[in-house]
Student: 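Below is one structure. I have some questions about it.
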Protein chains: 2
Amino acid sequence: MKLHVSPDTFPPRGHEAKRLSIVDSAAAVFCREGFAGANIDLIAAEAGVSRQTIYNHHGDKEKLFVAVVRDLTERCNAGIFATIATFPDQPKDLEADLIGFAVRLNQNCICNRDGKFLRKLIQTEGERYPELFAEWREQGPGRTWPAIAARFARLAYGGYLAIEDPDVAARQFLGLVNAELQTTFMLGGSPREDEVLQSATNGVRTFLRAFGKRRSATSVEKQGALASA
Amino acid sequence: MKLHVSPDTFPPRGHEAKRLSIVDSAAAVFCREGFAGANIDLIAAEAGVSRQTIYNHHGDKEKLFVAVVRDLTERCNAGIFATIATFPDQPKDLEADLIGFAVRLNQNCICNRDGKFLRKLIQTEGERYPELFAEWREQGPGRTWPAIAARFARLAYGGYLAIEDPDVAARQFLGLVNAELQTTFMLGGSPREDEVLQSATNGVRTFLRAFGKRRSATSVEKQGALASA
DNA sequence: ACAAATTTAGACACTCTTGTCTAATTCGTC
DNA sequence: GACGAATTAGACAAGAGTGTCTAAATTTGT
């Protein structure tokens, strides 16, 4: 097992490139068709490689599936932690800053390609691969939720919010902010950008009505005009 | 096409019973294995009928699938409307009554067998059968959300709540009340009874902090003890 | 330009599944 | 008890998909 230091040149570049391309296409096909319905020939065609190459790289349909889930989990986690790093610790405008955070989280981690695919695979095949998705649960929600909760705890400690249980607050924040996207998520679709913003805005306003310390001055404006049209 | 008035005696009872049994087992197998992975022989075995009987009744794997989704949608809708009928219009204890409503909705419509199956089928096969699930969307969310929103509007009109947009409030209510069950739902599991109660309690308290008119006297107590343990 | 490694296309055996068909059996009803 | 309808078990053809194998073509590093 050689170790490749420079990430771009030493190991056969085409080789890794093909591996990536395979995993990518496999993710798409597994999502569309499910594990049982996914067709290796189709994955090969979509990746632009021959079927044999897939077997050379991954050996087996099931091993390929595992590789896909691991890859997605890793990339999604990276995205989530990168976004958590943008959480407003010392907000100027708490409402606007939280809305921004919520929109970033949605656009970069939940509605993007990887997030959509991972979510669907968990929903679809989660019960069939308990150990694989137990691993996801530890690496994913098990690490991201506490991180988000810690940020809310910090806001509370800084006097910006009045919350008792940061874990509950974090989950409720996400629940509120995605409240209007549930049906879209359920059907596997991606909400439009304005829908994400709308849901985040409404959600954060309600969140701050419940947990905000002082009522932020710029609150109501002309909301509700779009909602019931 | 004969019309059968008495629901129990006229038409060959064993016939209808078998049809029900088939659809029931098919729902379970389609959920576990997905459409492509579902095996007619397995469905037959689980329903306690021969494969041929399934073809006699439904003709075709795809037609069977459609029958399953229609059946589930119908039963779930009935359950939801029955539960909406128990919405507290003139609450004595608003917090307790809303918690009760939320728990009923979860236990009778979302976490029960039919709800779980329908949710999974929508998530799994929704993209493959646009017209079928468009129908579900109209019959299901398209009718239930307005009904729930109307009840919240009534509470607001009665002076129990201070909400601007009943539709938004209804969606946020559900989002809050299910905030702590998301991971479980995602993996296709059913939360325990105490988890449902816990999530509903926390959700309703936050909801009332945001939209309640007067702070209900019995509010905080010893919450938070379980949450972070 | 040469040699090694990788990729490719295609054929192949094997398994699994769907949907049909037939003959025997069971069930409900008169 | 007898009749007709429904159900059953099993065989069957047809098709699709997985994973293997081989020989040719291509890419890569030296």
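Predicted model only: the values in this text are computed from it and were never measured. So you know, we letter chains A, B, ... as the sequences are listed, proteins then strands, and number each from 1.
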Student: Output the single nucleotide from C:dT18, D:dG19, C:dT8 whose closest atom is nearest the side chain of B:Asn39.
Tutor: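 Selected nucleotide (nearest to the side chain): C:dT18.
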Student: Has B:Thr53 got a side-chain N or O lying under 4.0 Å from the OP1 or OP2 atom of D:dA6?
Tutor: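 No, B:Thr53 has no side-chain N/O under 4.0 Å of OP1/OP2 on D:dA6.
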Student: Base, sugar-phosphate, or nothing: which does B:Gly48 touch, judged by heavy atoms less than 4.0 Å apart?
Tutor: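 The answer is sugar-phosphate, as B:Gly48 gets under 4.0 Å only of primed atoms, P, OP1 or OP2.
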Student: When you measure from the side chain of A:Lys18, which nucleotide among C:dA9, C:dT7, D:dT7 comes out closest?
Tutor: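 Output: C:dT7.
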Student: Write down the distance between CZ (A:Arg19) and P (C:dT7), rounded to a whole number of angstrom.
Tutor: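 Roughly 13 Å, once rounded to whole Å.
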Student: Quick one: salt bridge (Lys or Arg N to Asp or Glu O under 4.0 Å) pairs with a partner in residues 77-86 of chain A, sequence neighbours left out?
Tutor: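 For residues 77-86 of chain A, and leaving out neighbouring residues, there are no salt bridge (Lys or Arg N to Asp or Glu O under 4.0 Å) pairs at all.
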Student: What integer distance in Å separates A:Asp60:CG from D:dT18:P?
Tutor: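 One finds 11 Å between P of D:dT18 and CG of A:Asp60, rounded.
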Student: Do A:Gln107 and A:Asn112 pair up side chain to side chain, a donor and an acceptor below 3.5 Å, judged on atom types alone?
Tutor: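 Checked: A:Gln107/A:Asn112 side chains show no N/O donor-acceptor pair below 3.5 Å.
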Student: Report which part of the nucleic acid A:Ala38 touches: base, sugar-phosphate, or nothing (heavy-atom distance under 4.0 Å, all strands).
Tutor: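 Sugar-phosphate contact only.
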Student: Could you check which of D:dT7, D:dG19, C:dT8 has an atom nearest any side-chain atom of B:Ser50?
Tutor: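 Closest nucleotide to the B:Ser50 side chain: D:dT7.
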Student: Determine whether a donor-acceptor pair (N or O, by modelled atom type, separation under 3.5 Å) exists between the side chain of B:Asn77 and the backbone of B:Gln139.
Tutor: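 Such a contact is found between B:Asn77 side chain and B:Gln139 backbone.
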Student: For B:Gln52 and C:dG19, give me the distance from atom CD to atom C1', rounded to whole Å.
Tutor: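 My rounded result for the distance is 8 Å.
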Student: Answer yes if the side chains of A:Thr86 and A:Thr83 hold a donor-acceptor pair under 3.5 Å, and no otherwise.
Tutor: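 Looking only at side-chain atoms, A:Thr83 and A:Thr86 do not form any donor-acceptor pair under 3.5 Å.
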Student: Find the distance B:Ile54:CD1 to C:dT20:P and express it as a whole number of Å.
Tutor: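 Distance, rounded to whole Å: 13 Å.
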Student: By nearest nucleotide on DNA chain D, pick out whichever of B:Arg51 and A:Asp41 is the more 5' one.
Tutor: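 Its nucleotide being nearer the 5' end, the pick is B:Arg51.
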Student: Rounded to whole Å, please give me the gap between NE2 in A:His57 and P in C:dA5.
Tutor: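 Rounded to the whole Å, the gap is 15 Å.
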Student: If you measure only the distance, is there a donor-acceptor pair under 3.5 Å linking the side chains of A:Gln198 and A:Asp194?
Tutor: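 Their side chains do not contain a donor-acceptor pair, so the 3.5 Å distance test is not met.
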Student: Measure from the side-chain heavy atoms of A:Ile40 and tell me the nearest of C:dT8, D:dT18, C:dG19.
Tutor: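 The answer is D:dT18.
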Student: Give the rounded distance in Å between these two atoms: CG of B:Asn56 and P of D:dT8.
Tutor: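 Rounded to the whole Å, the gap is 9 Å.
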Student: Between D:dA16 atom P and B:Lys61 atom NZ, what is the distance in whole Å?
Tutor: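 Answer to the nearest Å: 14 Å.
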Student: Roughly how many Å is it from CD in B:Glu33 to C1' in C:dC16, rounded to a whole number?
Tutor: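 Value for this atom pair: 14 Å.
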